Amino acid sequence: MVDREELESVCKRRGFIWPSSEIYGGEAGFYDYGHLGARLKDNWEDIWKDFFLGIDDNYHMIYTPNILPYRALKASGHVDLFSDVLVHCMRCSESYRADHIVMELTGNNIEGMGAEEIEDILEKNDLRCPSCNGVFSETEDFNMMFSLNIGPTGEHKGFLRPETAQGTYMNFFREYRALRRQMPMGLATIGSAFRNEISPRQGVYRLREFLQAELQIFFVPGVHDTYYEELYDEDQKVRLLRDGEDEVKFVPVKELDELPIFYRYHLAKVYEFYHDHMELPHESIRLRELSDEEKAFYNLIHFDVEISMSSLGGWKEVGGIHYRGDYDLTKHQEESGTKMSIPIEGERVIPHVMELSFGVDRNIWALLDCGYHSKDRDWLSIPNKCAPYHVAVFPLVRKDGIIERSLDVFTELNSNFRAFWDKSGSVGKRYARMDEIGTPYCVTVDYDTLDDDTVTIRDIKSKEQIRVNISELVDVIDSLVFGEKVFNDHFSE
RNA sequence: GCAGGCGUGAUCCAGUUUGGUUAGGAUUAAGGCCUUCCAAGCCUUCUGCCCGGGUUCGAAUCCCGGCGCCUGCACCA
């Protein structure tokens, strides 16, 4: 169990993450990554890329701009639909979503209706504020996108992108040609997205500028997706919370009959990422199916990846697995006039999209939340590959040439790993510092080192030590950090 | 956005009710002494009243405005 304030305090004090522009009082919804947080984030992104691009030779990274022109987001539906029509009560100034209040008071669903029509309905039916019976104001359109003007005349309207996906969709056809028409085709990207949230809350969980890591997979159902049947491990188990059920089930994906194979395949891959690579325990991961009400209209199948975070009060979304059908490419084809269809057996077919979407900041927070222990000692348990420092080097005491010897060891390790050297305070204090920032291994140079060229390696999880010769130190640390080998293998030797 | 609470060194907190010496403690951090392995001890040291106005001889304290955070409501394509 982690208290959010305690975790935020460590993050600030040690250099992970904190509110942005804080010397000017800050601005809600923006966070900075400090020197440790930046490394953690970069490492997470590297592991994400290695894993998701690694599952198929035809999955690739691309990068696209943060600013998108008006028409791109008109096509995607964000200009019209990524907004709420609000009304305020003139008496008590309570604000409401106009469609919700009309629905509540009249029972009519008016989704997609324009502002003027809504005002008409409010007036004709003499609808009043439910809490004080006051009259409503005129409607106010609130779009969640940050708008801006491009160029000196300001005539070109644009937006900061509300999701990275649109840049990827617009590149579908060019990459389809550049990748020599291989399908299925995956285009991944990592980048910033921007949403002018009404009230950012809960630290990095809801931000106005945030990082997304997304993989868009393009294929034609019934044609390219059969490819996944060969790769598919039907016995792989995932923890699922189905819509309408209230218990999580740990089931092999082969039992999910009503979900297509390509969906099950990627569902399992996402689960594998969190369990095997983020090293989160099964109990902390679940894939939750969204109800029809929660689901966006274009998503045919939608499970969220949820991680149990005690600092945020329980299960929180860190990613989504969306089968979006042909919605995106169809919309861009309509708006742009550019062909998005590909030839299949003499006919032209618009490919479908399977989207794996992750909030990077939320994932970083999930690692910190799940990894931080404060019971007997404060220590951070994160995957070795994620750790800001892989290894630290200490002189046991500051005399008799031990400092110099430890610097030699440090120099060698630092050319192979992210290493850290510290002579300040007692050795126990230095272990404690490394515990707090998740450095998995600490190497200590002592008097035995002077006699026989051995050093100790201390493991963060168990606090146990092994003694190895300096000549094999790099190999041992390498196998501990990057290899399959775990500390106890060495310890029992 | 609404209601309530809050904002004091890097972190956490006392002090604000009733305005008045050099704003106090703990932790952390830096330098040193000591030290043969898990935040030991000793000495020294750095950093603070969220921002801007106002009242007053005098403001961390009272008033106004702003910013931020927390809880609840609302919101979260």
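Sequence lines set the chain letters: A, B, ... in the order given, protein chains first and strands last, and positions in each chain run from 1. Bear in mind the structure is a predicted one, so any value in this text is a computation, not a measurement.
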Trainee: I'd like the C1' distance from B:rG32 over to B:rC51, given in whole Å.
Mentor: 39 Å
Trainee: To the nearest 0.5 Å, how far apart are OH in A:Tyr372 and SG in A:Cys11?
Mentor: 9.0 Å
Trainee: Both distances under 3.5 Å, Watson-Crick or G-U wobble: report the partner of B:rG1, or none.
Mentor: B:rC73
Trainee: Given atom CD1 of A:Ile457 and atom C1' of B:rC38, what is their separation to the nearest angstrom?
Mentor: 17 Å
Trainee: Would you measure the distance from the C1' atom in B:rC12 across to the matching atom in B:rC69 and give it in whole Å?
Mentor: 15 Å
Trainee: Nearest 0.5 Å, please: how far is CH2 in A:Trp44 from CG in A:Leu211?
Mentor: 9.5 Å
Trainee: When you measure from the side-chain N and O atoms of A:Lys429 to the phosphate of B:rU28, is any distance below 4.0 Å, counting only OP1 and OP2?
Mentor: yes
Trainee: Would you indicate what A:Asp435 reaches in the nucleic acid, counting non-hydrogen atoms under 4.0 angstrom: base, sugar-phosphate, or nothing?
Mentor: nothing
Trainee: If you pin A:Arg398 and A:Tyr31 to their nearest nucleotides in RNA chain B, which one's is more 5'?
Mentor: A:Arg398
Trainee: In this structure, how many angstroms lie between the P atom of B:rA39 and the CZ atom of A:Arg13, rounded?
Mentor: 16 Å
Trainee: Using atom P of each nucleotide, how far apart are B:rU27 and B:rU71 to the nearest Å?
Mentor: 29 Å
Trainee: If you check every side-chain atom of A:Val397, which of B:rA77, B:rA10, B:rU35 has the closest atom?
Mentor: B:rU35
Trainee: Which nucleotide, in any strand shown, forms a Watson-Crick or G-U wobble pair with B:rG68, with both distances under 3.5 Å?
Mentor: B:rC6
Trainee: Could you work out the separation of B:rU11 and B:rA29 based on their C1' atoms and round it to a whole Å?
Mentor: 11 Å
Trainee: Think A:Arg362 forms a cation-pi with A:Trp365, using NZ or CZ under 6.0 Å from the six-ring centre and within 45 degrees of its axis?
Mentor: no
Trainee: Rounded to the nearest angstrom, tell me the gap between atom CG in A:Asp378 and atom P in B:rU27.
Mentor: 14 Å
Trainee: Here's a test of your reading of the structure: between A:Asp422 and A:Asp446, which maps to the more 5' nucleotide of RNA chain B?
Mentor: A:Asp422
Trainee: Rounded to the nearest Å, what distance is computed from the NZ atom of residue A:Lys399 to the P atom of nucleotide B:rC34?
Mentor: 7 Å
Trainee: Given atom CG of A:Asp304 and atom P of B:rA77, what is their separation to the nearest angstrom?
Mentor: 10 Å
Trainee: Write down the partner of B:rU11 under the Watson-Crick or G-U wobble criteria, each distance required to be under 3.5 Å.
Mentor: B:rA26
Trainee: Against the six-membered ring of A:Tyr431, is A:Lys463 placed for a cation-pi contact (under 6.0 Å from the centre, within 45° of the normal)?
Mentor: no
Trainee: For A:Glu317, does its backbone N or O pair with a side-chain atom of A:Tyr205 as donor and acceptor, under 3.5 Å?
Mentor: yes
Trainee: Is B:rC62 paired to anything, Watson-Crick or G-U wobble with both distances less than 3.5 Å, and if yes, which nucleotide?
Mentor: B:rG54
Trainee: If the P atom of B:rG48 is compared with that of B:rG41, how far apart are they to the nearest Å?
Mentor: 26 Å
Trainee: Compare the minimum distances between each of B:rU28, B:rA77, B:rC37 and the side chain of A:Arg195, then state the nucleotide with the smallest one.
Mentor: B:rA77
Trainee: Mind checking if A:Glu163 touches a base, just sugar-phosphate, or nothing, with heavy atoms under 4.0 Å?
Mentor: base
Trainee: Distance check, C1' atoms only: B:rU45 and B:rC64, in whole angstrom units.
Mentor: 41 Å
Trainee: Given the P atoms of B:rG19 and B:rU56, what is the spacing between them in whole Å?
Mentor: 16 Å
Trainee: Among B:rC70, B:rA30, B:rC37, which nucleotide sits nearest the side chain of A:Leu396?
Mentor: B:rC37
Trainee: Please determine, for B:rC33, whether a Watson-Crick or G-U wobble partner exists with both distances under 3.5 Å, and give it or none.
Mentor: B:rG41
Trainee: Base, sugar-phosphate alone, or nothing: which one does A:Ser9 contact when heavy atoms must sit under 4.0 Å apart?
Mentor: sugar-phosphate
Trainee: Tell me: CD of A:Glu6 to P of B:rU27, nearest whole Å?
Mentor: 17 Å
Trainee: Can you say whether a donor on the side chain of A:Arg430 sits under 3.5 Å from an acceptor on the base of B:rC38, or the other way round?
Mentor: no
Trainee: Can you tell me how far P in B:rG24 sits from the matching atom in B:rG20, rounded to whole Å?
Mentor: 15 Å
Trainee: Nearest to the side chain of A:Glu27 - B:rC67, B:rC38, B:rU28?
Mentor: B:rC67
Trainee: Contact class for A:Thr456 (heavy atom, under 4.0 Å): base, sugar-phosphate, or nothing?
Mentor: base
Trainee: On the nucleotide B:rA39, are OP1 or OP2 found under 4.0 Å from the side-chain N or O atoms that A:Ser426 carries?
Mentor: no
Trainee: Find the distance A:Glu293:CD to B:rA77:P and express it as a whole number of Å.
Mentor: 14 Å
Trainee: Does A:Arg208 come within less than 4.0 Å of A:Glu197, counting only side-chain N to carboxylate O?
Mentor: no
Trainee: Looking just at side-chain N and O atoms, do A:Thr454 and A:Arg467 make a donor-acceptor pair shorter than 3.5 Å?
Mentor: yes
Trainee: With distance as the sole criterion, do the side chain of A:Tyr431 and the base of B:rC37 form a donor-acceptor contact below 3.5 Å?
Mentor: yes
Trainee: Quick one: sort the A:Phe420 and A:Tyr389 rings into parallel, tilted or perpendicular, breaks at 30° and 60°.
Mentor: tilted
Trainee: For A:Arg433, report the nucleic acid contact type (base, sugar-phosphate, nothing); a contact means any heavy atom under 4.0 Å.
Mentor: sugar-phosphate
Trainee: What is the distance, to the nearest angstrom, from the CZ atom on A:Arg4 to the C1' atom on B:rC12?
Mentor: 16 Å
Trainee: With respect to the side chain of A:Ile198, which nucleotide from B:rA39, B:rC2, B:rC75 is positioned closest?
Mentor: B:rC75
Trainee: Taking donor-acceptor contacts at under 3.5 Å, does the side chain of A:Ser424 reach the base of B:rA30?
Mentor: no
